[in-house]
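Have a look at the structure below, then the notes.
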Amino acid sequence: MTHTSAKLDFKTQILKGIPLELPPSRKPSTGVNRAPKRKDILSREEKILAVRNALRYFPKEWHNELSREFAGELDEFGRIYMYRFKPDYEMYARPIDEYPAKTSAAAAIMLMIQNNLDPAVAQHPEELITYGGNGAVFQNWAQYLLTMKYLAEMSDEQTLHMYSGHPMGLFPSSENAPRVIVTNGMMIPNYSSQDDWERFNALGVTQYGQMTAGSYMYIGPQGIVHGTAITVMNAFRKVLPSGEAPKGKVFLTAGMGGMSGAQPKAGNIAGCITVCAEVNAQAAKKRYEQQWVDELIYSMDQLVERTKAAIADEEVISLGYVGNIVEVWEQFYEEGVFVCLGSDQTSLHNPWAGGYYPAGLSFEEANEMMAHNPDGFREKVQESLRRQVTAINKHAARGTYFFDYGNAFLLESSRAGADIMAENGKDFRYPSYVQDILGPMCFDYGFGPFRWVCTSGDPGDLKKTDAIALNVMQRIMNAAPSEIQQQMQDNIKWITDAEDNRLVVGSQARILYADAEGRMEIAEAFNKAIRDGQISAPVVLGRDHHDVSGTDSPFRETSNIYDGSQFTADMAIHNVIGDSFRGASWVSIHNGGGVGWGEVINGGFGMVLDGTEKASRDLKNMLFYDVNNGIARRGWARNKEAIFAIKREMERSPELKVTMPEIVDDEILNKLFNGTD
Ligand SMILES: NC(=O)c1ccc[n+]([C@@H]2O[C@H](COP(=O)([O-])OP(=O)(O)OC[C@H]3O[C@@H](n4cnc5c(N)ncnc54)[C@H](O)[C@@H]3O)[C@@H](O)[C@H]2O)c1
């Protein structure tokens with residue numbers, strides 16, 4: 001067997017796809033955060049099928065050698081990642097003109113893919129996981145190599161179809177079609193249990209794309225800092241007497257991983273004391289080195305002492321505790337540390353495979369147990385959740401406002417038998433952040449996590465886009481109705497401070513909550529600035545799936561829908577189809593993301609602005625639908641803020657005609673089905 005060692009330049013390697021000669025075997029890099037060993041779920045026949053599936057990517061003469069290696073990976077890691085095929089060039093978002101491509105959209109997508117796999121950005125870069133423990137860009141390195149080659153070769157008259165990381169191929173289409181269509185984890189509904197994911201992912205036929213991992217739209221923790229800052233700020237507004245600032249007040253939470261790592265920074269922006277527990281010392285250290293958390297503390301006694309001092313001095317500070325959150329809730333109760341706001345962002349959408357580390361086990365012991373004694377581990381997780389909820393309930397009795405932060409904490413705690421249900425036995429004791437805060441204050445008005453990436457990679461371009469966006473927001477705010485003045489003010493403050501907050505990790509990206517009008521006007525101003533040469537290269541527009549219209553998720557994004565339709569997924573499906581023929585450069589639709597496999601359907605888009613007239617037409621057409629689809633649905637569910645927003649939009653846009661609900665009086669309904677009428 002011949003092994004090549006000659007180094008090829010970046011462009012040549014991309015164009016080669018799967019190399020012509022078998023590269024030398026390699027072990028995954030040490031010193032990077034690695035995915036935990038996955039559950040050993042396949043039978044011997046299924047393991048053989050998994051290896052047979054993996055070998056489809058390679059020529060016959062390699063099969064003997066690779067079969068043994070892939071079987072070894074399956075035994076050792078529970079998945080076949082094909083580590084040997086990980087390219088040896090550096091993985092990061094290069095300036096767009098460094099990509100070999102025939103279309104700017106394809107080059108931009110390559111840039112976005114590499115950003116999602118950049119070790120400074122991705123949670124488990126060796127295993128192609130961007131965030132959330134299992135949020136995959138691809139299932140294995142062969143898929144990455146093939147996809148990049150297809151993108152490099154494709155024209156504006158072709159579309160690449162991605163099946164859960166697998167590039168099915170380039171199909172003829174048209175200039176107006178998306179360049180890439182992504183589906184992740186789309187299952188026949190009855191095959192969407194957690195173990196189904198374990199089995200079918202191990203077989204190599206599906207993956208968990210989270211939201212922005214499998215759709216190439218992740219921009220590091222900045223993406224969530226803004227949403228978290230808005231949530232924490234508004235939660236404090238809800239609980240503190242009007243006009244009182246959060247300084248000196250404690251926000252206690254957990255997780256400093258991919259998304260959760262944003263919490264300490266968001267707490268600083270909101271102006272409180274954040275105490276954030278993280279069991280994985282490596283993850284905590286990464287956030288500390290990136291200056292996303294101010295101090296790291298390794299002992300409980302020190303944490304209590306430091307927190308008390310911060311309260312006494314009314315500090316604005318973020319304290320990272322390297323240890324288990326359950327112990328912090330318990331100890332703070334014993335020590336009388338008052339927690340004003342409480343939440344949790346461990347990865348409870350993935351409770352049995354490393355998303356939640358139970359109290360009473362060290363990090364290493366937990367990793368060992370989840371791989372070798374999954375049933376025992378499950379019990380430990382559930383016991384720990386019951387303990388955590390008991391401690392939270394005691395704090396709540398003292399006045400803590402606890403909210404679920406979209407990680408399935410309430411759901412999994414209820415499944416664990418924790419004392420988490422409200423008196424009616426139907427609802428949870430605590431709200432989800434969407435029910436109380438983000439839903440009525442943002443999504444129903446159309447405000448959501450709009451974002452953009454400057455493909456030049458030049459911080460100067462990002463600075464210009466910040467200034468353009470600020471200008472547009474200020475102009476819109478002058479004419480905005482009182483209902484959305486607070487949101488406009490928060491967003492203007494955010495974009496004004498964005499550069500100083502040093503939010504960029506990876507690509508030159510920015511997030512800014514905006515409504516339909518804001519998104520369209522900002523995008524149009526960017527397109528014009530590209531045309532005029534003020535911005536030096538195309539700008540990619542996108543958003544988190546966690547938005548007004550993109551996601552149907554009954555315990556999160558659509559938890560403030562109360563007409564029963566929160567268990568349907570029509571909105572997310574309409575959104576992705578609607579965006580795809582209105583000019584998106586790529587679209588994606590996923591099962592799972594945030595709250596877990598089978599619990600949510602979510603979709604997103606990417607749109608490349610290149611300064612052309614076509615981009616100007618497309619952006620208006622697509623962004624308008626992308627936001628107003630969800631407002632229309634939220635309005636039909638009788639949400640009053642959404643009814644206000646969609647009526648306002650219909651006044652502005654005569655082509656828009658939305659079916660509006662009639663509101664029935666309770667008095668009429670109360671007379672029904674009680675045998676008195
Ligand atoms: N609300 C939102 O807007 C939003 C957005 C994105 C993600 N989420 C959800 O938040 C969760 C976290 O996302 P992520 O990307 O940060 O995941 P992640 O897996 O990267 O991070 C979670 C972190 O929690 C730590 N952890 C687990 N159990 C712990 C414990 N008992 N004590 C202390 N630390 C513990 C893990 O070590 C890990 O680093 C996910 O469920 C995700 O779906 C919510």
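All ligand and atom numbering here is 1-based and tracks the order in the structure.
- Protein heavy atom at the shortest distance from atom 10 (O) of ligand 1 is Q345 OE1, 3.3 Å.
- Taking each of Q282, E278, Q210 in turn, the one with a heavy atom nearest to atom 36 (C) of ligand 1 proves to be E278.
- A salt bridge does not link R387 with E383: none of the charged nitrogens is closer than 4.0 Å to a carboxylate oxygen.
- Of the charged side-chain nitrogens involved, none lies within less than 4.0 Å of a carboxylate oxygen, so that R199 and D195 do not count as a salt-bridged pair.
- Nearest-residue assignment for atom 20 (O) of ligand 1 (options G258, S432, A262, G354; heavy-atom criterion): G258.
- Looking at Q123 against ligand 1, only its side chain comes within 4.0 Å, counting heavy atoms.
- Side-chain atoms of N639 never come within 3.5 Å of backbone atoms of E641 as a donor-acceptor pair (strictly under, hydrogens ignored).
- An N or O contact shorter than 3.5 Å links V279 to ligand 1 by distance.
- Ligand 1 has no N or O atom lying under 3.5 Å from any N or O atom of A283, backbone or side chain.
- Under the 30°/60° scheme for interplanar angles, the aromatic rings of F402 and Y430 are found to stand perpendicular.
- Residue contact check: A277 has heavy atoms under 4.0 Å from atoms 33 (C), 34 (N) of ligand 1.
- Numbered from 1 in the order shown, with element, the atoms of ligand 1 that lie under 4.0 Å from a heavy atom of I325 read 30 (C), 31 (N), 32 (N), 33 (C).
- Side chain of T558 to main chain of S553: a donor-acceptor pair is present (N/O by atom type, distance under 3.5 Å, no hydrogens or angles).
- K308 has a carboxylate O that lies under 4.0 Å from a charged side-chain N of E335, or vice versa, which qualifies the two as a salt bridge.
- At the shortest separation from atom 24 (O) of ligand 1 among protein heavy atoms lies G255 CA, 3.5 Å.
- Within the listing of ligand 1, atoms 19 (O) sit less than 4.0 angstrom from a heavy atom of G133.
- In terms of protein heavy-atom proximity, atom 11 (C) of ligand 1 is closest to T346 O, 3.5 Å.
- Of the heavy atoms in I224, only side-chain atoms (C-beta onward) come closer than 4.0 Å to ligand 1.
- Ligand 1 has no N or O atom lying under 3.5 Å from any N or O atom of P358, backbone or side chain.
- Between H226 and W494, the ring planes are parallel. Angles under 30° get that label, and only those over 60° would be called perpendicular.
- Atom 41 (O) of ligand 1 has as its closest protein heavy atom H349 ND1, 2.7 Å.
- Polar contact with ligand 1: present for M259 (N/O pair, distance under 3.5 Å).
- Residues H545 and E557 bring no donor and acceptor atom of their side chains to less than 3.5 Å of each other.
- At a threshold of 4.0 Å, the pair R34-E76 does not count as salt-bridged, since none of the basic side-chain nitrogens sits closer than that to a carboxylate oxygen.
- From the protein, the heavy atom lying nearest to atom 19 (O) of ligand 1 is S347 OG, 2.7 Å.
- Residue contacts with ligand 1 include G132, since one of its heavy atoms falls under 4.0 Å from the ligand.
- For atom 8 (N) of ligand 1, the nearest non-hydrogen atom of the protein is R556 NH1, 3.5 Å.
- For atom 27 (C) of ligand 1, the closest non-hydrogen atom on the protein side is G355 O, 3.3 Å.
- At a heavy-atom cutoff of 4.0 Å, ligand 1 is contacted by the side chain of Y433 but not by its backbone.
- The N/O atoms of S260, backbone and side chain alike, include one that comes under 3.5 Å of an N/O atom in ligand 1.
- R415 and E412 are joined by a salt bridge, as a carboxylate oxygen and a charged side-chain nitrogen come within less than 4.0 angstrom of each other.
- Taking the six-membered ring where the residue is Trp, H546 and F443 present perpendicular rings, their angle passing 60° and hence far from 30°.
- Side-chain N or O atoms of T183 include none that pairs as donor or acceptor with a backbone N or O of I589 at under 3.5 Å.
- Looking only at heavy atoms of the protein, atom 28 (N) of ligand 1 is closest to Y357 N, 2.9 Å.
- Counting the atoms of ligand 1 from 1 in the order shown, those under 4.0 Å from a heavy atom of G406 are 9 (C), 44 (C).
- Of all the atoms in ligand 1, the ones that sit under 4.0 Å from a non-hydrogen atom of Y131 are 15 (O).
- With hydrogens and angles left out, the side-chain atoms of Y405 and T231 include a donor and acceptor closer than 3.5 Å.
- Cation-pi contact between R79 and W141: absent, since separation from the ring centre below 6.0 Å together with deviation from the ring axis within 45° is not met.
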